[in-house]
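Input: a single structure, listed below in structure tokens.
Residue numbers begin at 1 in each chain, while the letters A, B, ... track the order of the sequences.
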2 protein chains.
Amino acid sequence: MNIENAQVQMRKGILEFCILHIISRGEVYASDMLDELTSAKIMVVEGTLYPLLTRLKNSGLLEYKWVESSSGPPRKYYVITETGLEFLTGMQATWVELSESVNTIIHKTEALKTSA
Amino acid sequence: MNIENAQVQMRKGILEFCILHIISRGEVYASDMLDELTSAKIMVVEGTLYPLLTRLKNSGLLEYKWVESSSGPPRKYYVITETGLEFLTGMQATWVELSESVNTIIHKTEALKTSA
DNA sequence: CCAAGTACCTTGTATCACAAAGTACCTTAC
DNA sequence: GTAAGGTACTTTGTGATACAAGGTACTTGG
């Protein structure tokens, strides 16, 4: 058990949430997503992103279309579906509740330190 | 793919963090932890908690001692180790960074909605 | 033609939460 | 003293997922 693995575990499921968020704003392809996740300091590699996109598509949360590129191979541009939007709403609520719960735990520890 | 599973995945690794936090405050046994997690609205079941405690102990982050109970079988009271405290500090930093990253993504979506 | 860059895909591994079923100890009531 | 019920801890098997590593395919420029 090391801290790197703990970080990986902590991020589980949250990537899915972030990807849905990004795609909900408009058409994007994988490299766009990687850029945004990187700038938000959420490191992801291709081997994680592509299977995740395929899962979301197979579940009906996303759709894509091929678009020719003027500088390289064609790209898959993703859009979110109606089902995907509903799912995103649910995940957003889960995220809010989860962070509130964690902060409850953290703040209780802080309160204890202060009173000691 | 359903929302329940997404919630499970989102919580991965975060339980570990919360457990370390709770134990860092002083000696507790499993039922104490379950009570606190429940009151923080983080649902956990025995089949999740006990293996987690064993993992943390085997990694040297926790220690325990048996304590006789006046009303039932003996209990394992856990305390955090020096290594566990260091680990907790690292996880706390990871949690803060992670929530900031996610909020960056979320707020960017909100900003887009507002400007539209 | 071929080297380099871009984009997408696949396989195998390690890890984890959970359900479900099981083991063991203690107290109470008869 | 023993049966029943509650408390506490444990184990096994399943499904899901992030990641590393390697692979396929298309395009452009020399």
Side-chain angles (χ1 to χ4, degrees), chain A residues 1-20 27-35 37-38 42-59 61-62 64-78 91 94 98 101, chain B residues 1-20 27-35 37-38 42-59 61-62 64-78 91 94 98 101:
Chain A
M1 176 167 307
N2 54 20
I3 192 72
E4 286 80 13
N5 181 49
Q7 291 171 338
V8 166
Q9 293 303 323
M10 224 183 234
R11 278 164 40 181
K12 282 215 177 193
I14 289 177
L15 271 177
E16 204 169 68
F17 174 48
C18 291
I19 292 293
L20 278 177
E27 295 180 358
V28 280
Y29 75 110
S31 289
D32 292 336
M33 304 178 211
L34 287 173
D35 288 347
L37 291 169
T38 300
I42 301 178
M43 294 304 163
V44 195
V45 293
E46 290 186 329
T48 299
L49 182 59
Y50 284 108
L52 195 161
L53 290 171
T54 303
R55 277 203 311 277
L56 295 174
K57 187 216 62 177
N58 290 341
S59 301
L61 308 183
L62 300 179
Y64 69 78
K65 59 181 179 190
W66 284 102
V67 175
E68 307 267 321
S69 167
S70 61
S71 64
R75 301 164 176 173
K76 272 187 177 178
Y77 274 83
Y78 286 88
M91 290 192 85
T94 299
L98 183 63
S101 294
Chain B
M1 175 165 309
N2 54 21
I3 193 72
E4 286 81 13
N5 180 50
Q7 291 171 338
V8 167
Q9 294 303 323
M10 224 184 235
R11 279 165 39 181
K12 283 214 178 191
I14 289 176
L15 272 176
E16 203 168 69
F17 174 49
C18 291
I19 293 292
L20 278 178
E27 294 181 357
V28 280
Y29 75 109
S31 288
D32 291 335
M33 305 178 210
L34 287 173
D35 288 348
L37 290 169
T38 301
I42 300 178
M43 294 305 164
V44 195
V45 293
E46 289 185 329
T48 299
L49 181 59
Y50 284 106
L52 195 160
L53 290 171
T54 303
R55 275 204 311 278
L56 295 174
K57 188 215 59 174
N58 289 340
S59 301
L61 308 183
L62 299 179
Y64 69 79
K65 59 182 178 189
W66 284 101
V67 175
E68 306 267 322
S69 167
S70 61
S71 64
R75 302 165 175 173
K76 273 187 177 176
Y77 274 83
Y78 285 89
M91 290 191 84
T94 299
L98 183 63
S101 295

For B/Glu16, all residues meeting side-chain hydrogen bond (donor to acceptor under 3.5 Å, both in side chains), sequence neighbours excluded: none
Out of curiosity, A/Leu98 CG to B/Ile14 CD1, how far, rounded to the nearest 0.5 Å? 4.5 Å
Could you walk me through whether B/Asp32 and B/Tyr29 pass the side chain to side chain contact (heavy atoms under 4.5 Å, CB included) check? CA-CA 6 Å; B/Asp32 291 335; B/Tyr29 75 109; 3.2 Å; yes
Roughly how many Å is it from CG in B/Asn58 to C1' in C/dT15, rounded to a whole number? 15 Å
Which residue pairs pass the side chain to side chain donor-acceptor pair (under 3.5 Å) test with at least one member in residues 42-59 of chain B, sequence neighbours excluded? none
Establish, with yes or no, whether the OP1 or OP2 oxygen of D/dT17 is under 4.0 angstrom from a side-chain nitrogen or oxygen of A/Arg11. no
Using whole Å, report how far CG of A/Leu98 lies from C1' of C/dA17. 14 Å
Taking N or O atoms only and anything under 3.5 Å, show me the protein contacts with nucleotides 9-16 of chain D, one pair per line.
unit_1, atom_1, unit_2, atom_2, d
D/dC9, OP1, B/Lys76, N, 2.5
D/dC9, OP2, B/Tyr50, OH, 2.7
D/dC9, N4, B/Glu46, OE1, 3.1
D/dT10, OP1, B/Lys76, NZ, 2.5
D/dT10, OP2, B/Lys76, NZ, 3.2
D/dA16, O3', B/Asn5, ND2, 3.1

For B/Leu52 and C/dC16, what is the distance between atoms CG and P respectively, to the nearest whole Å? 8 Å
DNA chain D: 5'-proximal contact among A/Glu16 and B/Gly72 (nearest heavy atom): B/Gly72
Rounding to a whole Å, what distance do you find between B/Leu49:CG and C/dA17:P? 10 Å
So do B/Met33 and B/Leu53 actually touch side chain to side chain, heavy atoms under 4.5 Å? yes
Trace of the side chain to side chain contact (heavy atoms under 4.5 Å, CB included) decision for A/Ile3 with A/Gln7: CA-CA 6 Å; A/Ile3 192 72; A/Gln7 291 171 338; 4.3 Å; yes
Per the salt bridge (Lys or Arg N to Asp or Glu O under 4.0 Å) rule, what does the pair list look like for residues 64-75 of chain A, sequence neighbours excluded? A/Glu27-A/Lys65
Nucleotide N/O to protein N/O under 3.5 Å, stretch nucleotides 28-30 of chain C:
none

Starting from P on C/dT15, measure out to CG on A/Leu15 and report it in whole angstrom. 19 Å
Earlier contact from the 5' end, DNA chain C, for B/Ser69 and A/Ser69: A/Ser69
Length of the CD-P vector between A/Gln7 and C/dC16, whole Å: 13 Å
Could you check how far CG of B/Leu56 sits from C1' of C/dA17, rounded to whole Å? 14 Å
Using whole Å, what does the distance between atom P of nucleotide C/dC8 and atom CG of A/Leu34 come to? 9 Å
I'd like to know whether A/Leu15 forms a side chain to side chain contact (heavy atoms under 4.5 Å, CB included) with A/Leu49, so could you lay out the CA-CA distance, the side-chain angles of the two residues, the decisive distance to 0.1 Å, and finally the verdict. CA-CA 9 Å; A/Leu15 271 177; A/Leu49 182 59; over 6 Å; no
With sequence neighbours left out, the residues meeting side-chain contact (heavy atoms from CB on, under 4.5 Å) with A/Asp35 are none
